[in-house]
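Remarks on the structure that follows.
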Amino acid sequence: MTIIETPAGWPANEAEALAVQDELRGRVVLDEPGPAPGTGLVTGVDVAYDDARDLVAAAAVVLDARTLTVVEEATAVGRVSFPYVPGLLAFREIPAVLAALGALGEAPGLVVCDGYGQAHPRRFGLASHLGVLTGLPVIGVAKNPFTFTFEEPAEERGASSPLLADGEEVGRALRTRTAVKPVFVSTGHRVTLDNACAHTLHLTPRYRVPETTRHADALCRRALKEAMA
DNA sequence: GCGACAG
DNA sequence: ATCTTGTCGC
């Protein structure tokens, strides 16, 4: 369990955060296919909060992409560095996520995070921001549609429908379990949307949300409780 | 202007 | 995200 340090020059308010998104947005890479699904390593990251005590805990869980077994885990705890503001989630989560990723003893491979990447009001959600700062391939799998409207995908697992913004497909509502509410996939950095959806399906052999986020979610909650005790 | 809004 | 009991289902 390492300590989270807020990066120097981290935005102190919404105006500064918006300026940072504007500045970094152009560094996103969208023309790389990304790693092949089912090969190499896949790392899930997630963050838990206790705003009353100003505490935050993050977890990074590395899985073997082929077997979906846990290969390594890392956690980090510290103080909250930004409030939750829709559209600025990255500024709240990234310091913690970077600390957890940095505590790993090996390269994370593909990173899967909760939230959006390109499917974002300014095309620079958490997954894209994390990708630009780390240089790693990153995708975002969100549990809620945020501000996007979408057509209900067919009932079968694997069915999807586009998330549109200005007529462009910035993400997909993807059914990972038959007859169950879809998840919302978008690419963050160095991965194609098709590939991001393929990865998401590989990571959901049994539950609606990816194994990576299930492990990371459980671990960061555990880390937060330990930090309080 | 008001409400909605990833986690 | 988080506050929270029981409950239906595989």
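Numbered from 1 within each chain, the chains take letters A, B, ... in sequence-line order.
- By the neighbour-count criterion of 12 heavy atoms within 6.0 Å, atom CZ of Arg122(A) is densely surrounded, having more than that number from other residues, nucleotides or ligands.
- Contacts between residues 145-171 of chain A and DNA chain B, defined by a heavy-atom separation below 4.0 Å, involve Phe146(A), Thr147(A), listed by number.
- At a threshold of 4.0 angstrom between heavy atoms, the contacts of Asp50(A) with the nucleic acid are absent.
- Within the structure, every side-chain polar atom (N or O) of Tyr49(A) is placed at least 4.0 Å from both OP1 and OP2 of dG7(B).
- Atom-to-atom, CZ of Phe184(A) to C1' of dA6(B) comes out at 11 Å; the value is rounded to the nearest Å.
- Listed here is the closest heavy atom pair of Leu68(A) and Leu203(A): CD2-CD2, 3.6 Å.
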Annotated structure of DNA chain C as dot-bracket, pair cut-off 3.5 Å, Watson-Crick or G-U only, | for inter-strand, is ..........

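- Residue contacts shown for Ala119(A) are absent, as no nucleic acid heavy atom lies under 4.0 Å away.
- In plain terms, the two heavy atoms of Cys113(A) and Val45(A) that are nearest each other are CB-CG2, 3.6 Å.
- Side-chain contact of Arg157(A) with Thr204(A): a donor-acceptor pair under 3.5 Å is present, judged by distance alone.
- Residue Glu73(A) qualifies as enclosed at atom CD: its count of foreign heavy atoms under 6.0 Å is above 12.
- Contact annotation for Gly140(A): no contact, since no heavy-atom pair falls under 4.0 Å across all strands.
- By the 6.0 Å contact criterion, NZ on Lys181(A) is enclosed, its count of non-hydrogen atoms from other residues, nucleotides or ligands being greater than 12.
- Looking at residues 205-224 of chain A, you'll see that no heavy atom sits under 4.0 Å from any atom of DNA chain B.
- Considering only side-chain N and O atoms, Asn144(A) lies under 4.0 angstrom from the phosphate OP1 or OP2 of dG7(B).
- For the pair Phe82(A) CZ and dA6(B) C1', the interatomic distance rounds to 15 Å; values are reported in whole Å.
- A donor-acceptor pair shorter than 3.5 Å cannot be found between the side chains of Ser161(A) and Glu152(A).
- Across the protein-nucleic acid pair, Asp54(A) atom CG and dA1(C) atom C1' stand 15 Å apart, rounded to whole Å.
- Remark: Asp166(A) engages Arg123(A) in a salt bridge, criterion side-chain N to carboxylate O under 4.0 Å.
- More than 12 non-hydrogen atoms from other residues, nucleotides or ligands lie less than 6.0 angstrom from CD of Glu106(A).
- Counting heavy atoms of neighbouring residues, nucleotides and ligands inside a 6.0 Å radius, atom CD of Glu16(A) exceeds 12 of them.
- Spacing between atom CD of Glu14(A) and atom P of dC5(B) amounts to 17 Å, rounded to whole angstrom units.
- Ring-base stacking between Tyr84(A) and dA1(C) is not satisfied when judged by a centre separation under 5.5 Å and a plane angle under 30°.
- Listed here is the closest heavy atom pair of Gly87(A) and Gln21(A): O-NE2, 3.0 Å.
- If you take CG of Leu130(A) and C1' of dG7(B), they are 14 Å apart, rounded to a whole angstrom.
- A straight line from OH of Tyr116(A) to P of dA1(C) spans 14 Å, rounded to a whole angstrom.
- Among dG7(B), dT2(C), dA6(B), the nucleotide with an atom closest to any side-chain atom of Glu93(A) is dG7(B).
- With Phe82(A) as the fixed residue, the ring pair (Phe, Tyr, Trp, His ring centres under 6.0 Å) test singles out one of Phe91(A), Tyr49(A), Trp10(A): Phe91(A).
- Distance His120(A) NE2 to dA6(B) C1': 8 Å, rounded to the nearest Å.
- Per the geometry, CZ belonging to Arg177(A) stands 15 Å off C1' belonging to dG9(C), to the nearest Å.
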